[in-house]
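Note that these values count all heavy atoms, side chains included, but never hydrogens, waters or copies made by symmetry. None of the values given here were measured: they were computed from a predicted structure.
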Amino acid sequence: MKGKQVSILIGVALLVAGGLAACGKSTSSTSKSNQLATNQSVKLSAKSEVTTLDVSKAADSTSLTMLYHTQEGLYRLGKNEKLINAMATKTTVSNGGKTYVFKLRQNNHWNDGKAVTANDFVYSWRRTVNPKTASEYAYLMAGLKNYRAIQKGNLAPNQLGVQAVNKNTLKVTLSKPVAYFKLLLAFPTFFPQEQSVVEKNGSSNGHSSNQTAYDGPFTMTKWQGTNQSWVLKKNTKFWDKKAITLDKMNFQVVADPSTGLSLYQKHELDATTLDGTQVANLKNNQDMKTFVGGTTYYMQMNQKKVKALRNLKVRQALSMAIDKQQLAKSVLRDGSKAPMGFVSQNLSRNPKTKADFAKDAYVKDGVTYDLKQAKTLMKAGLKASGQKSLNLTLLADDTSVTKTVAQYIQAELQKLPNVKVTINTLPYKTRLSRSNAGNFELVLSSWGADFADPINFLSLMSTGNTNNNGDFSDAKYDGYVKDSENKDANKPAARYQDLVNAEKRLMTQQGVVPLYQPATVEMWNSKVSGYVWNPAGMSRGYQWMKVEK
């Protein structure tokens, strides 16, 4: 996810509970009392309001997180990317990885009492890929048979490779093997929808808590579509309701960290996100938890628009001139980490050794700071490009953090000989529009993982990818990515090496400049336990939280 979709939400976007985490790090600890409090409710906050509860249309972090807790899909994402059966009780894979048959549990129901069936998945997926729905996340279904023809309007949505064999058997046909397909199924876009409710609500579906069907551990109440607060209540129709400890989660929108900390200190919130200044002032507080993983902030260089940026030495010079350790530790001061590469740390692991992908694919020169070498490279690069100087405009969002980062980068790059950088900050939507149109020279971008696989990052820099705004193009890189998606799709070890090779090639060619891995630092009430960090796929697990005495 890019832009504001990767905004971290307090107690919302990237926490999971009961040990169900993807692969992140946390300094969190839990209470040792093991005695439950009578009042099993928590007070949490989000940085933005819910925009929709429509499974096909939700795209922002707050809305997706609410869907994780009010809906039940085929799988849940567990610790170290382990998939845990949810609606699926048995999965059979055949036809070289192109055919999946899921046996569904028969004891889950929508909140109106109707059984959740295979037809609910079929209806949901067909609705999502229908071009008329205009789903932002429909592309996640690109591996399904006939997806592209349906998106182009050449086939009807009912030709999608998904069918209900019977009430409790779902069959999925892919156009080619997709190594990470099961991981995708834990994402809200693949959750079922109750057709009768969607059709009854029409264009208002998901626009309020009363215009939504729920088959997950909680139902939402007190949300009319635009309000700044809402409540999640335990769903009595949920198949695993006996495992749910929490009775209620009270949410409110709190965008300002100062306001959040004040509410936390008044015991009006059980969790709040801190900014860099607050982290420095509260670094010894035992309530403070730090979470890192799943997102990378980086700088794209427009090789199509700026001739000098086509020169490898120029791109390397720009990267080496930025002290990324200082950016994380002294400028941001919020627990963020210097990157090891484009793919974030704590996202995916070697299938054999379990080593972090970022460590296996590490290329020191791609992220190192060496101003002396950077000056030498810039002089040589400019000469080879036939230029005496380089005047660049750095495009960035107009948020306070991004402005600070942009100013730091400007100062660092202008230490290079004959380089001048001008900053242009714009509202997120305007900046994103210009980025997507290639209307920039340098731009600060971000990407947060939708699922725990390196391809979610690496596919972005493939030639022609819509997110490859800097027009980086390298045949070897494209070859490694294609091999991982095609000939090695069913060979875990070989596929992993393809992706390692792709990351190394990207960094060797300095296709992008990774800047930092953002951290979320939060204050958490020590009586609330049972949660850990999930850097990919956002949250999945408030249902396993508990409040201790």
Colleague: Output, in order, the C-alpha distance, side-chain angles, deciding distance and verdict of side chain to side chain contact (heavy atoms under 4.5 Å, CB included) for Asp453 and Leu499.
Modeller: CA-CA 10 Å; Asp453 190 279; Leu499 297 174; 4.0 Å; yes

Colleague: So do Val129 and Leu144 actually touch side chain to side chain, heavy atoms under 4.5 Å?
Modeller: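 Leu144 vs Val129: side chains apart.
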
Colleague: For residues Tyr139 and Tyr147, establish whether the separation of their ring centroids is below 6.0 Å.
Modeller: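 No, ring centres 6.0 Å or more apart.
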
Colleague: Rounded to the nearest 0.5 Å, what separates atom CG in Leu390 from atom CG in Asn418?
Modeller: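 Atom-to-atom, Leu390:CG and Asn418:CG are 9.5 Å apart.
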
Colleague: How long is the straight-line distance from OH of Tyr297 back to CG of Leu444, given to the nearest 0.5 Å?
Modeller: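 So the CG of Leu444 and the OH of Tyr297 are separated by 10.0 Å.
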
Colleague: For the side chain of Asn468 and the backbone of Ser462, is there at least one donor-acceptor N/O pair under 3.5 Å apart?
Modeller: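 Side chain of Asn468 to backbone of Ser462: a pair is present.
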
Colleague: Does any donor atom in the side chain of Asp334 or Ser336 lie under 3.5 Å from an acceptor atom in the other side chain?
Modeller: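 Yes, side-chain donor-acceptor contact under 3.5 Å.
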
Colleague: Is the backbone N or O of Thr296 less than 3.5 Å from a side-chain atom of Ser344, with the two atoms forming a donor-acceptor pair by type?
Modeller: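 No.
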
Colleague: Mind running side chain to side chain contact (heavy atoms under 4.5 Å, CB included) on Trp125 and Val172 for me, showing each step along the way?
Modeller: CA-CA 11 Å; Trp125 295 13; Val172 178; 3.6 Å; yes

Colleague: Side-chain contact, heavy-atom cut-off 4.5 Å: Asp287 with Trp524?
Modeller: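 They are not in side-chain contact.
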
Colleague: Shortest non-hydrogen contact from Met301 to Val513?
Modeller: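 Smallest interatomic distance, heavy atoms only, reads CE-CG2, 3.7 Å.
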
Colleague: Going by heavy atoms in the side chains, are Gln509 and Arg315 under 4.5 Å from each other?
Modeller: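 Touching, per the 4.5 Å side-chain cut-off.
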
Colleague: Under the 3.5 angstrom rule, does the side chain of Gln278 hit a backbone N or O of Pro257 as a donor-acceptor pair?
Modeller: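 Answer holds: yes.
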
Colleague: Give, for atom CG of Asn469 and atom NZ of Lys305, the distance between the pair rounded to the nearest 0.5 Å.
Modeller: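 Between atom CG of Asn469 and atom NZ of Lys305 there are 12.5 Å.
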
Colleague: Could you go through Leu83 and Arg76, starting from their C-alpha distance and side-chain angles, then the distance that decides it, and tell me whether this counts as side chain to side chain contact (heavy atoms under 4.5 Å, CB included)?
Modeller: CA-CA 6 Å; Leu83 287 165; Arg76 302 177 191 137; over 6 Å; no

Colleague: Within a strict 4.5 Å, meaning less than it, do heavy atoms of the Leu263 and Val254 side chains meet?
Modeller: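 Touching, per the 4.5 Å side-chain cut-off.
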
Colleague: Restricting to non-hydrogen atoms, name the atom on Ile455 and the atom on Ser484 that form the minimum distance, rounded to 0.1 Å.
Modeller: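 Looking at all heavy atoms of both residues, the shortest contact is CD1-OG, 3.9 Å.
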
Colleague: Arg495 side chain to Ala489 main-chain N or O, any donor-acceptor pair under 3.5 Å?
Modeller: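 No, because the side chain of Arg495 does not come within donor-acceptor range (under 3.5 Å) of the backbone of Ala489.
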
Colleague: Looking at Ala502 and Leu458, what are the two nearest heavy atoms and their distance?
Modeller: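 Looks like CB-CD1, 4.2 Å.
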
Colleague: Under the side chain to side chain donor-acceptor pair (under 3.5 Å) rule, what do Thr128 and Ser135 come out as? Steps first, then yes or no, please.
Modeller: CA-CA 6 Å; Thr128 295; Ser135 170; 5.0 Å; no

Colleague: Please round to the nearest 0.5 Å and tell me the distance separating atom CD of Gln316 and atom OG1 of Thr508.
Modeller: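 Atom-to-atom, Gln316:CD and Thr508:OG1 are 8.5 Å apart.
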
Colleague: Judged by atom type as modelled, is there a donor-acceptor pair below 3.5 Å linking the side chain of Ser473 to the main-chain atoms of Thr463?
Modeller: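 Such a contact is absent between Ser473 side chain and Thr463 backbone.
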
Colleague: Is a side-chain N or O of Lys324 found less than 3.5 angstrom from the main chain of Ser319, in a donor-acceptor match?
Modeller: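 Looks like yes, one N/O pair under 3.5 Å.
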
Colleague: Between the side chain of Ser385 and the main-chain N/O of Gln387, is any donor-acceptor distance below 3.5 Å?
Modeller: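 Absent.
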
Colleague: Quick check for you: to the nearest 0.5 Å, what is the distance between Tyr516 atom OH and Leu332 atom CG?
Modeller: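 Here the rounded value is 5.0 Å.
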
Colleague: Quick one, Arg431 with Phe440, criterion side chain to side chain contact (heavy atoms under 4.5 Å, CB included). Give me CA distance, side-chain angles, the key distance, then yes/no.
Modeller: CA-CA 9 Å; Arg431 193 278 300 165; Phe440 68 94; over 6 Å; no

Colleague: Between Asp360 and Lys504, what is the shortest heavy-atom contact and its length?
Modeller: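 What the structure gives for the nearest pair is O-CE, 3.4 Å.
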
Colleague: Donor-acceptor check, side chain of Tyr298 to backbone of Gly341, threshold 3.5 angstrom: yes or no?
Modeller: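 It does not hold such a pair.
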
Colleague: Picking from Tyr137, Tyr75, Tyr180, what satisfies ring-ring contact (aromatic ring centres under 6.0 Å, His included) with Phe451?
Modeller: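 With Phe451 as partner, ring-ring contact (aromatic ring centres under 6.0 Å, His included) holds for just one option, Tyr180.
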
Colleague: Are any side-chain N or O atoms of Tyr408 and backbone N or O atoms of Asp323, one a donor and one an acceptor, separated by less than 3.5 Å?
Modeller: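 Checked: pair present.
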
Colleague: Within a strict 4.5 Å, meaning less than it, do heavy atoms of the Met141 and Phe190 side chains meet?
Modeller: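 Yes, at least one pair of side-chain atoms sits under 4.5 Å.
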
Colleague: Looking at residues at least two apart in the chain, or sitting in another chain, which of them share a side-chain contact (heavy atoms from CB on, under 4.5 Å) with Lys415?
Modeller: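 Once residues adjacent in sequence are excluded, the partners of Lys415 under the side-chain contact (heavy atoms from CB on, under 4.5 Å) criterion are Leu371, Glu412.
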
Colleague: Could you pull out all residues at least two apart from Pro427 that satisfy side-chain contact (heavy atoms from CB on, under 4.5 Å)?
Modeller: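 Result, side-chain contact (heavy atoms from CB on, under 4.5 Å) vs Pro427: Asp398, Thr430.
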
Colleague: Do you know which two heavy atoms are closest between Gly97 and Leu174, and how far apart they sit?
Modeller: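 Reported closest heavy-atom pair: O-CD1, 3.8 Å.
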
Colleague: Taking all non-hydrogen atoms of both residues, which atom of Gly448 and which atom of Thr295 are closest, and how far apart?
Modeller: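 In this case the closest contact between Gly448 and Thr295 is CA-OG1, 3.6 Å.
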
Colleague: Heavy atoms, side chains only, cut-off 4.5 Å: are Met507 and Met340 in contact?
Modeller: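 Counting from C-beta outward, Met507 and Met340 never come under 4.5 Å.
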
Colleague: Is it the case that atom NZ in Lys307 sees more than 12 heavy atoms from other parts of the structure closer than 6.0 Å?
Modeller: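 No, not enclosed.
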
Colleague: Is there a side-chain contact between Val421 and Ile409 (heavy atoms, below 4.5 Å)?
Modeller: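 They are not in contact (no side-chain heavy atoms under 4.5 Å apart), so the answer is no.
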
Colleague: Side chain of Ser433, backbone of Lys429: donor and acceptor closer than 3.5 Å?
Modeller: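 Between the backbone of Lys429 and the side chain of Ser433 there is no qualifying donor-acceptor contact (under 3.5 Å).
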
Colleague: Would you mind reporting whether Asn391 and Thr422 have side-chain heavy atoms less than 4.5 Å apart?
Modeller: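 Not in contact.
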
Colleague: Could you grab the distance from atom CD of Gln517 to atom CD of Gln345, nearest 0.5 Å is fine?
Modeller: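 It comes to 4.5 Å.
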
